[in-house]
Amino acid sequence: MTLLDTAAIPISDETPRRRTRAASWSALTKPRLNLLVLITAAAGFYFAGGTDWLVALHLLIGTAATAASASVLNQLWERDIDALMPRTKRRPLPNGEIAPREALLGGLLLGIGGTVYLALLVNILTAGLALATVLLYVLIYTPLKTRTTWCTLVGAIPGAVPPVMGVTAATSAINLHALSVFALLFAWQMPHFWGLAIMYRRDYAAAGMKMLPVVDGPVLKRTVRSIIVWSVVLLVAGLLPWFLGQTVGIYLAPAALLGGVMLAAGFNVAASPQRREARVLFLTSIVYLPIMLLLMLASVE
């Protein structure tokens with residue numbers, strides 16, 4: 001999974017009445033979830049030494065458009081699957097509030113418009129990353145969700161690209177700063193998503209999605225092992241900016257502490273892989289990321 005569909009506590013799409021058209025399009029573009037995409041892009045920009053805030057503004061506008069495009073096109077592809085899950089069956093497409101053709105047109109316009117906007121007002125590299133993110137998310141990650149457990153690793157790539165776009169907007173290059181933020185976001189998504197997938201294991205199974213907790217055995221041995229491994233990787237990734245000389249001051253100890261908290265939450269799931277423990281892991285990951293990003297920005301060289 002990616003930041004585009006697991007970056008916040010899932011909120012039921014159940015609603016007592018039919019939404020207005022504006023509300024339907026808002027639900028389709030997921031502005032609240034995509035806010036985290038913008039935050040990570042802005043963090044990457046500042047972390048890489050970006051100082052031109054007009055460029056930063058253009059970065060956020062173009063990124064918002066392409067992230068919205070990915071959300072719309074993903075829901076268009078998965079509208080039949082969404083209709084099978086209680087958590088998603090009232091989304092605008094399965095609920096009949098937005099026609100598929102309209103969603104296709106809107107999603108394409110957002111994606112093309114956002115990419116062109118970034119190319120003209122930021123730089124070609126950032127625009128290329130935005131386009132690649134949309135294509136990878138929609139055309140590769142989305143269909144893989146019903147085919148293989150490797151979908152999570154593939155989906156983590158577009159989820160980790162927004163902060164890299166921030167770096168390229170500031171520097172016009174993919175450098176070690178880009179490596180640092182990519183590693184952090186990529187590793188973070190693993191325990192974050194598997195916590196969510198354990199919580200909604202039955203929903204994903206009903207929809208035919210091949211998430212690891214769905215195809216794993218009843219005691220979730222592979223899932224909890226993967227959570228522990230990737231929590232360790234996340235701990236290392238969080239320390240990477242310090243070892244690369246990108247952060248100064250007291251960064252090392254708080255970063256290690258935050259990584260340790262995530263690892264402890266992972267071990268808690270390993271001891272008892274139930275919904276309650278998975279929720280603790282998921283919520284811990286939600287708290288971890290903004291604090292970690294703020295720590296990085298406060299300690300930047």
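FYI, the numbering just counts along the sequence from 1.
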For residues [X] and [Y], determine if any side-chain heavy atom of one lies less than 4.5 Å from a side-chain heavy atom of the other.
X: I227; Y: I198; answer: yes
X: R90; Y: P94; answer: no
X: V236; Y: L240; answer: no
X: T171; Y: H177; answer: no
X: P213; Y: Y204; answer: no
X: S285; Y: P191; answer: no
X: L289; Y: L36; answer: yes
X: D216; Y: M211; answer: no

Within the distance-only criterion (no hydrogens, no angle test), does the side chain of [X] pair as donor or acceptor with the backbone N or O of [Y] below 3.5 angstrom?
X: T29; Y: S26; result: yes
X: E97; Y: S24; result: no
X: N74; Y: A70; result: no
X: T284; Y: V280; result: yes
X: Q246; Y: W242; result: no
X: W77; Y: T142; result: no
X: T20; Y: A23; result: yes
X: R79; Y: L76; result: yes
X: E277; Y: N268; result: no
X: S299; Y: L295; result: yes

Treat each ILVMFWY residue as a node, draw an edge where side-chain heavy atoms are under 4.5 Å apart, and state whether [X] and [Y] are in one component.
X: L108; Y: L118; answer: yes
X: L252; Y: L184; answer: yes
X: F243; Y: L234; answer: yes
X: L257; Y: L239; answer: no
X: L57; Y: L120; answer: yes

Which heavy-atom pair separates [X] from [Y] by the least distance, and what is that distance?
X: L263; Y: S231; value: CD1-CB, 3.7 Å
X: V224; Y: V269; value: CG1-O, 3.9 Å
X: A27; Y: Q75; value: O-NE2, 3.6 Å
X: V164; Y: L129; value: CG1-CD1, 4.0 Å
X: A127; Y: A119; value: CB-N, 3.5 Å
X: L185; Y: P163; value: CG-CG, 3.9 Å

Stepwise ring-ring contact (aromatic ring centres under 6.0 Å, His included) test for W53 and F45: CA-CA 10 Å; W53 292 107; F45 182 83; 5.7 Å; yes
M262/L235 under side-chain contact (heavy atoms from CB on, under 4.5 Å): CA gap, chis, key distance, verdict: CA-CA 8 Å; M262 279 294 298; L235 173 61; over 6 Å; no
Between [atom1] of [X] and [atom2] of [Y], what distance do you get to the nearest 0.5 Å?
X: L144; Y: K210; atom1: CG; atom2: NZ; value: 13.0 Å
X: R91; Y: L28; atom1: CZ; atom2: CG; value: 9.5 Å
X: L297; Y: T247; atom1: CG; atom2: OG1; value: 11.0 Å
X: Y117; Y: I61; atom1: OH; atom2: CD1; value: 3.5 Å
X: D203; Y: L196; atom1: CG; atom2: CG; value: 10.0 Å
X: M199; Y: L281; atom1: CE; atom2: CG; value: 10.0 Å

Qualifying residue, where the test is side chain to side chain contact (heavy atoms under 4.5 Å, CB included) with L73 and the options are L110, L104, L135, L139: L104
S180 vs L244, side-chain contact (heavy atoms from CB on, under 4.5 Å): CA-CA, chis, key distance, verdict: CA-CA 9 Å; S180 292; L244 293 176; 3.4 Å; yes
Donor-acceptor pair between T126 and T168 side chains, under 3.5 angstrom: yes
E102 and W25 side chains, donor-acceptor separation under 3.5 Å: yes
Other residues, nucleotides, ligands: >12 heavy atoms within 6.0 Å of I250 CD1: no
Atom CZ of R275 with >12 non-hydrogen neighbours under 6.0 angstrom: yes
H192 and its ring pair (Phe, Tyr, Trp, His ring centres under 6.0 Å) partner, picked from F282, F186, Y288: F282
Worked verdict on V214 versus M209 for side-chain contact (heavy atoms from CB on, under 4.5 Å): CA-CA 8 Å; V214 173; M209 293 192 177; 5.7 Å; no
T40/V181 under side-chain contact (heavy atoms from CB on, under 4.5 Å): CA gap, chis, key distance, verdict: CA-CA 9 Å; T40 60; V181 293; over 6 Å; no
Presence of salt bridge, K145 and E78, under 4.0 angstrom: yes
Ring-ring centroid check Y137 Y141, cutoff 6.0 Å: yes
